[in-house]
Amino acid sequence: MPVSTTTASRSNRKAKGEGHERRAEILAAAERIFVESGYEGATIRKIADEVGLSSTALYMHFADKGEILNEICRNTFEGLAERNRDILEDTAPTLARLRRIAESYVAFGLEHPNAYRLAYLTPPVETPHGAETIAQKAGGELFAAVVSVVEEAVEQGVIRGDARVLAQIIWASVHGVVSLLNTKPYFDWADRDVLIRTQLDVLFNGLTSR
């Protein structure tokens with residue numbers, strides 16, 4: 001006798017508990033669905049089905065999909081900020097720290113492709129929980145940290161030019177390679193490590209020879 005859709009759905013539902021783990025599962029599933037279906041196309045039901053929960057059970061963790069998007073954005077920026085914080089506190093030469101920031105940005109974007117797409121490649125979405133505002137504020141703080149290191153390099157005479165312009169050039173360069181690698185996986189890319197290293201070599205050689 002065939003199993004009904006309702007019965008199958010219930011049998012796939014997971015037991016209660018494991019709050020932090022379940023919350024992380026919801027966020028991971030929501031990342032994928034937001035990327036695949038867009039904010040409007042993503043529904044609580046889709047997200048709940050992906051993790052084997054009922055919609056009611058999912059609401060015990062998040063008020064709505066706006067809150068989920070909000071947390072994904074916050075986690076993305078906090079993860080990147082934590083990496084930058086360690087580099088900024090290092091005593092290595094300024095240019096070495098600047099390159100490490102660029103390398104860290106690329107690594108983070110490639111390790112978290114869905115979160116990166118939501119934070120940097122998805123059109124701004126206004127939600128009741130202010131995900132767009134969080135992205136703008138946290139992203140601005142991250143960029144300000146890059147500018148501060150570039151300013152040090154300019155003051156030391158390591159590179160020349162307007163610090164804000166140079167910082168934007170660095171960001172545009174690393175964002176470009178992350179975006180292409182994440183969104184065009186079918187392209188016949190060269191060895192990833194060689195590609196990234198060569199791009200950064202060209203970028204920093206150009207900055208220091210100006």
Side-chain angles (χ1 to χ4, degrees), residues 24-25 27-36 69 71-123 134-135 138-154 156-210:
E25 290 175 354
L27 290 171
E31 279 184 17
R32 294 191 296 272
I33 293 171
F34 280 136
V35 170
E36 293 168 359
L69 180 62
E71 185 150 338
I72 291 171
C73 287
R74 180 184 292 110
N75 290 346
T76 300
F77 285 110
E78 285 182 353
L80 189 52
E82 184 175 350
R83 293 190 180 201
N84 275 358
R85 204 171 295 121
D86 292 338
I87 297 171
L88 291 171
E89 293 174 356
D90 200 334
T91 57
T94 306
L95 203 59
R97 282 186 286 130
L98 195 55
R99 174 144 183 164
R100 282 182 57 198
I101 288 174
E103 292 170 340
S104 175
Y105 183 98
V106 174
F108 185 86
L110 296 178
E111 289 166 13
H112 306 279
N114 287 336
Y116 189 89
R117 285 193 189 196
L118 286 172
Y120 289 104
L121 297 173
T122 302
I134 285 178
E141 291 174 357
L142 284 167
F143 180 69
V146 177
V147 172
S148 70
V149 181
V150 175
E151 286 175 338
E152 284 184 44
V154 171
Q156 294 168 1
V158 178
I159 56 178
R160 291 180 295 173
D162 181 278
R164 188 170 183 79
V165 171
L166 296 176
Q168 289 181 5
I169 289 171
I170 294 170
W171 181 31
S173 179
V174 293
H175 170 69
V177 72
V178 173
S179 302
L180 285 170
L181 290 172
N182 279 342
T183 61
K184 311 295 180 185
Y186 50 81
F187 185 75
D188 184 21
W189 296 107
D191 178 83
R192 178 175 286 191
D193 291 339
V194 173
L195 181 69
I196 294 168
R197 184 173 65 251
T198 303
Q199 180 181 354
L200 293 179
D201 285 344
V202 171
L203 172 64
F204 281 91
N205 287 340
L207 290 174
T208 54
S209 63
R210 293 175 75 251

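What you see is a predicted model, and the numbers here were worked out from it, not measured in a lab. What you see below is based on every heavy atom in this structure, not just the backbone, and it leaves out hydrogens, waters and symmetry mates.
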task: Would you check if the side chain of E31 reaches a backbone N or O of I72 as a donor-acceptor pair within less than 3.5 Å?
output: no
query: Between S148 (side chain) and A145 (backbone), is there a donor-acceptor pair under 3.5 Å?
result: yes
- prompt: Nearest 0.5 Å, what's the CD1-CZ distance between I169 and R164?
  reply: 12.5 Å
For residues 111-118, please give each side-chain donor-acceptor pair under 3.5 Å, one per line with the distance, not counting sequence neighbours.
unit_1 : atom_1 : unit_2 : atom_2 : d
E111   : OE1    : R83    : NH2    : 2.4
Y116   : OH     : Y105   : OH     : 2.7
Y116   : OH     : H175   : ND1    : 2.5
R117   : NH2    : N182   : O      : 2.7

message: Return the CZ to CG distance between R74 and L69, rounded to the nearest 0.5 Å.
response: 11.0 Å
message: I'd like to know whether R97 forms a salt bridge (Lys or Arg N to Asp or Glu O under 4.0 Å) with D86, so could you lay out the CA-CA distance, the side-chain angles of the two residues, the decisive distance to 0.1 Å, and finally the verdict.
response: CA-CA 10 Å; R97 282 186 286 130; D86 292 338; over 6 Å; no
Spacing of L110 atom CG and L181 atom CG [to the nearest 0.5 Å]: 5.5 Å
message: Working to the nearest 0.5 angstrom, can you tell me the gap between L200 CG and N205 CG?
response: 10.5 Å
query: Heavy atoms, side chains only, cut-off 4.5 Å: are L80 and T76 in contact?
result: no
- request: Provide the closest heavy-atom pair for A167 versus V146 in the form atom of the first, atom of the second, distance.
  value: CB-CG1, 4.1 Å
- request: Taking the side chain as every heavy atom from C-beta outward, state whether D90 and R100 have any atom pair closer than 4.5 Å.
  value: yes
field: Minimum heavy-atom distance I87-S104, with the two atoms named
entry: CD1-CB, 3.9 Å
field: For I159 against L166, the heavy-atom pair lying closest together
entry: CD1-CD1, 3.8 Å
field: Q156 CD: over 12 foreign heavy atoms closer than 6.0 Å
entry: yes
Worked verdict on F77 versus F108 for ring pair (Phe, Tyr, Trp, His ring centres under 6.0 Å): CA-CA 10 Å; F77 285 110; F108 185 86; 9.0 Å; no
message: Measuring from atom CD of E82 to atom CD of E78, what distance do you get when rounded to the nearest 0.5 angstrom?
response: 9.0 Å
Identify each donor-acceptor pair in which a side-chain atom of residues 186-194 lies under 3.5 Å from a protein atom, sequence neighbours left out, and give them as a table.
unit_1 : atom_1 : unit_2 : atom_2 : d
W189   : NE1    : K184   : O      : 2.8
D191   : OD2    : D193   : N      : 3.2
D191   : OD2    : V194   : N      : 3.0

message: Any non-hydrogen side-chain atom of I101 less than 4.5 Å from a side-chain atom of L88?
response: yes
Side-chain donor/acceptor of T198 to backbone N/O of L195, under 3.5 Å: no
task: Name all pairs fulfilling the salt bridge (Lys or Arg N to Asp or Glu O under 4.0 Å) condition that reach into residues 171-183, sequence neighbours left out, sorted by first residue then second.
output: none
- prompt: Do the side chains of V147 and E151 get nearer than 4.5 Å, heavy atoms only?
  reply: yes
task: Using a strict cut-off of less than 4.0 Å between a Lys/Arg side-chain nitrogen and an Asp/Glu carboxylate oxygen, indicate whether E36 and R32 qualify as a salt bridge.
output: no
message: Determine whether I170 and L207 satisfy the following criterion, side chain to side chain contact (heavy atoms under 4.5 Å, CB included), listing intermediate values before the conclusion.
response: CA-CA 9 Å; I170 294 170; L207 290 174; 3.8 Å; yes
